[in-house]
Number of protein chains: 2
Amino acid sequence: MFYCFRSKEGTGKIYTHREVTEVTSDIFDFCCNMTDEQDARARALIERAAAKWPLRILHVLSDAGAPLRFSRLLERVEGISQKVLTQTLRTLESDGLIIRTLYPEIPPRVEYELTPLGRDLLMQVVTLWRWIVERLDDFDARKAVKLTAAV
Amino acid sequence: MFYCFRSKEGTGKIYTHREVTEVTSDIFDFCCNMTDEQDARARALIERAAAKWPLRILHVLSDAGAPLRFSRLLERVEGISQKVLTQTLRTLESDGLIIRTLYPEIPPRVEYELTPLGRDLLMQVVTLWRWIVERLDDFDARKAVKLTAAV
DNA sequence: CAGAATCCTAATAGATACTG
DNA sequence: CAGTATCTATTAGGATTCTG
């Protein structure tokens, strides 16, 4: 998704900021100050979380307010295939966003539920989603203006 | 990316919230109150913006602090091909995130620059990115705990 | 210079059948 | 029930060539 936000001008130094973007410089200082390891890990993490289904699954789990079985998830996450659901749940689990609990009965029962981290990540993303929905009408080439003209 | 955050239980009603998720209910009320059109448009928009290259391109433009020519973008967005850069720029332009200016000289010169909307979207996303980087060590299955146990 | 057009591949998703 | 295994279809993206 986001891919490396660090500036990679050889040394990794950030490009010079002009007046017009000065307001954002602390944000990009943060990008610049990440270590290579942080950058790589965050990048991999977000690449996984921003894939087609993960956030939808987190939302369904949050909505349910209780652990859900595999088959319930398959019903509620409309359009997902069983294979992809399995794959995605495994990834979410290994990232610590959900917990998988196996009850060794016959037939087997498996329940998935959010972790606090998973819930918090979802809330962060919904905040971004809300920001976008509120400005939906602005995302239009006909309303585009140059930064320099606007400041 | 995020895909439909609305609950689609037939009528579109939101699932009942249990105590444990009550804190998030206003956020999900927002999801629930979106119209179908808002949902579809936001979904399409985010699907485009969350693709492999768009945010990287916005960041390079922001970093530059000035309009950049096509060939400069091709250099600075490391790893992108000419075809994909062209495609992505067209999409960003039609969403009002960047402005393309053609100077009809010979040879032709084309400059791309951020719009205020593009800059703001980038900042929103970087905010999310920062939130994630700060919690990077928590994204680990070994640290996962159940929500009910944690609250 | 800034692209358009074409061809090609590599990764993903979907569908289906099978199993502890 | 909750998967795994296998195959096919789709598609994003890369490499190359060409042009106003």
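Side chains included, hydrogens not; waters and symmetry mates left out as well; all remaining heavy atoms used. Just so we're on the same page: letters track the sequence lines, and every chain starts at 1.
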According to the interplanar angle, ranging from 0 to 90°, do the rings of A:Trp131 and A:Phe139 count as parallel (below 30°), tilted (30 to 60°) or perpendicular (above 60°)?
perpendicular
Rounded to whole Å, CG of B:Leu85 lies from P of D:dG13 at a distance of 12 Å
Problem - Phosphate OP1/OP2 of D:dT4: any A:Arg90 side-chain N/O under 4.0 Å - result: yes
From CG of A:Leu74 across to P of D:dG3 the rounded distance in Å is 11 Å
Ranking A:Lys83 and A:Pro108 by the position along DNA chain D of their nearest nucleotide, the one closer to 5' is A:Pro108
Among the nucleotides C:dG3, D:dG3, C:dG14, whichever has the atom closest to the side chain of A:Tyr112 is D:dG3
Taken to the nearest whole Å, OH/A:Tyr103 to P/C:dG20 is 25 Å
Sorted by position of nearest nucleotide on DNA chain D, 5' first, the leading residue of B:Val84 and A:Arg72 is A:Arg72
Under a 4.0 Å N-O cut-off, is there an ion pair linking B:Arg41 with A:Asp137?
yes
From CD1 of B:Ile98 across to C1' of C:dA2 the rounded distance in Å is 14 Å
| Does some side-chain heavy atom of B:Ile57 sit less than 4.5 Å from a side-chain heavy atom of B:Ile80? | yes
Indicate whether OP1 or OP2 belonging to C:dG3 is found under 4.0 Å from a side-chain N or O atom of B:Thr86.
no
(message) Do the side chains of A:Glu111 and A:Arg109 get close enough for a salt bridge, i.e. N-O under 4.0 angstrom?
(response) yes
Discussion item. With clusters defined by side-chain heavy atoms of hydrophobic residues (ILVMFWY) lying less than 4.5 Å apart, directly or transitively, does A:Val110 cluster with A:Leu58?
Written reply: yes
- Query: When you check the phosphate oxygens OP1 and OP2 of D:dA2, does a side-chain N or O of A:Arg69 lie under 4.0 Å from one of them?
  - Reply: yes
>> Measuring to OP1 and OP2 of C:dA2, would you say a side-chain N or O of B:Ser71 lies under 4.0 angstrom away?
In response: yes
Exercise. Classify the side chain of B:Gln87 versus the base of D:dA12 as yes if they form a donor-acceptor pair under 3.5 Å and no if they do not.
Key: no
When rounded to whole Å, the CZ to P distance for the pair B:Arg109 and C:dC1 reads 13 Å
Rounded to whole Å, the CG-C1' distance (A:Leu102 to C:dG20) equals 12 Å
In whole angstroms, the gap separating P of D:dG14 from CD1 of B:Ile80 amounts to 7 Å
Of D:dA2, C:dG3, D:dG3, the nucleotide closest to the side chain of A:Arg100 is D:dG3
The nucleotide from D:dA2, C:dC1, C:dA2 with an atom nearest the side chain of B:Pro107 is C:dC1
When rounded to whole Å, the CD to P distance for the pair B:Gln82 and C:dA4 reads 8 Å
